[in-house]
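Working notes, beginning with the structure itself.
We're numbering straight along the sequence, starting at 1.
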Amino acid sequence: MCQLLGMNCAQPTDVTFSFTGFAARGGGTDHHADGFGVAFFEDKACRLFIDNASAASSPIAELIKRYPIKSKNVISHIRKATQGSVLLENCHPFMRELWGRHWIFAHNGDLKDFSPTFAGAYQPVGSTDSEASFCLIMQRLREHYAHQPPLEELFAALAEITAEITQFGVFNYLLSNGQALFAHCSTNLYTLVRQWPFSTAHLIDADLTIDFTTVTTPDDRVAVIATAPLTDNENWTRLAPGELLMFEHGQRVLHAMVTIPAAVQAANAANRACT
């Protein structure tokens, strides 16, 4: 399946180090070679880069590795196609507008027999279950609220919508509106928080080490979320199936457990055992 990378920060931070290792998995150190994308928020809007070439060979990926775009919320995805052809419109992350903000979504998993009905404002452009699930999330939120609610209320609504969609299969995802980053685990998702006093980190997928003490201040704090750990000398925490988290200012601020149906739990357990 696909792989996810998210970053939520207290101060604008670039993702070049983590993305260098992550991109190698897109056809280099792993077989996720069916496209990639990365989105950088700047307040309400974001810069979105997608390509249906592999992240390991794409010139756009090389640009991202060398261009230190600073952001408080970043979502990236490398694709292993399960539903939908290898086309640009099927590359994650996907972007939509809601309540005067860009929203960004990326999914890792496979939703079976998932055919939601859409009512106008949100329609999939491509043919993936992932984009369909994102459109359904946007539609449900728009139905619930005419204006954006407080983040705590928004988180509770997302937990309900996630419970609805996760009945159809594996639904690991990252979602952000530029204010916070939401992460849901069905099978595989890991997180860590880098904060003062910082140390060094070494990538698993590239022979690259960084000493964060030379590029940070005590005000910096960065939460990183990934399908699998990116470094081999840091303490990554594996999320439990059903965990839904909200990150703000580089730290976990809200937590909920989403009920996963027994049949889906069994299928997800088999998927976890194979990864």
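- The main-chain N or O of Arg221 is never found under 3.5 Å from a side-chain atom of His249 such that the two would form a donor-acceptor pair.
- For the pair Asp34/Ile78, no side-chain contact is recorded, criterion being any heavy-atom separation below 4.5 Å from C-beta on.
- Atoms CG and CZ, from Leu136 and Phe168 in turn, are 9.0 Å apart once rounded to the nearest 0.5 Å.
- In this structure, Tyr173 has its ring center under 6.0 Å from that of Phe171.
- Residues satisfying the side chain to side chain contact (heavy atoms under 4.5 Å, CB included) criterion with Asn235, sequence neighbours excluded, are absent altogether.
- Arg96 places none of its side-chain heavy atoms less than 4.5 Å from the side chain of Gln139.
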Side-chain polar contacts of residues 252-261 - donor-acceptor pairs under 3.5 angstrom, sequence neighbours left out - could you list them?
from   : atom 1 : to     : atom 2 : distance (Å)
His255 : NE2    : Glu243 : OE1    : 2.9

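- Salt-bridge annotation for Asp43 and Arg101: present, with a side-chain N of the basic residue lying under 4.0 Å from a carboxylate O of the acidic one.
- Side-chain contact between Arg79 and Phe36: absent, with no pair of heavy atoms (C-beta onward) separated by less than 4.5 Å.
- Rounding to the nearest 0.5 angstrom, the gap separating the CG atom in Leu189 from the CG atom in Leu174 is 6.0 Å.
- Ring geometry for His92 versus Phe94: interplanar angle of 30 to 60°, hence tilted.
- Side-chain atoms of Asp129 come within 3.5 Å of backbone atoms of Leu111 as a donor-acceptor pair (strictly under, hydrogens ignored).
- Residues Thr231 and Phe17 are in side-chain contact: their nearest non-hydrogen atoms beyond the backbone lie under 4.5 Å apart.
- In this structure, Ile50 CD1 and Met95 CE are separated by 9.0 Å, a value rounded to the nearest 0.5 Å.
- Here salt bridge (Lys or Arg N to Asp or Glu O under 4.0 Å) pairs that include residues 143-157, with residues two or more places apart or in two chains, are Arg140-Glu143.
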Residues 202-212, side-chain donor-acceptor partners within the protein, below 3.5 Å, at least two apart:
from   : atom 1 : to     : atom 2 : distance (Å)
His202 : ND1    : Asp232 : OD1    : 3.2
His202 : ND1    : Asp232 : OD2    : 3.2
His202 : NE2    : Asp207 : OD1    : 3.4
Asp205 : OD1    : Arg25  : NE     : 3.4
Asp205 : OD1    : Thr29  : OG1    : 2.6
Asp205 : OD2    : Arg25  : NE     : 2.7
Asp205 : OD2    : Arg25  : NH2    : 2.9
Asp211 : OD1    : Thr213 : N      : 3.1
Asp211 : OD1    : Thr213 : OG1    : 2.6
Asp211 : OD2    : Thr213 : OG1    : 3.1

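- Scanning for side chain to side chain donor-acceptor pair (under 3.5 Å) contacts around Ser199 gives an empty result, with sequence neighbours left out.
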Scan the side chains in residues 61-70 for donor-acceptor partners under 3.5 Å anywhere in the protein, sequence neighbours excluded, and list what turns up.
from  : atom 1 : to    : atom 2 : distance (Å)
Glu62 : OE1    : Arg66 : NH1    : 2.4
Glu62 : OE2    : Lys65 : NZ     : 2.9
Tyr67 : OH     : Arg47 : NH1    : 3.2

Please evaluate residues Glu234 and Arg194 with respect to the criterion salt bridge (charged side-chain N to carboxylate O under 4.0 Å, His left out), reporting the C-alpha separation (whole Å), side-chain torsions for both, the decisive distance (0.1 Å), and the verdict. CA-CA 9 Å; Glu234 295 181 289; Arg194 295 181 180 128; 2.8 Å; yes
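- Ring geometry, Phe22 versus Phe19: the interplanar angle falls from 30° to 60°, so the pair is classed tilted.
- Between the side chain of Glu97 and the backbone N or O of Gly100 there is at least one donor-acceptor pair closer than 3.5 Å.
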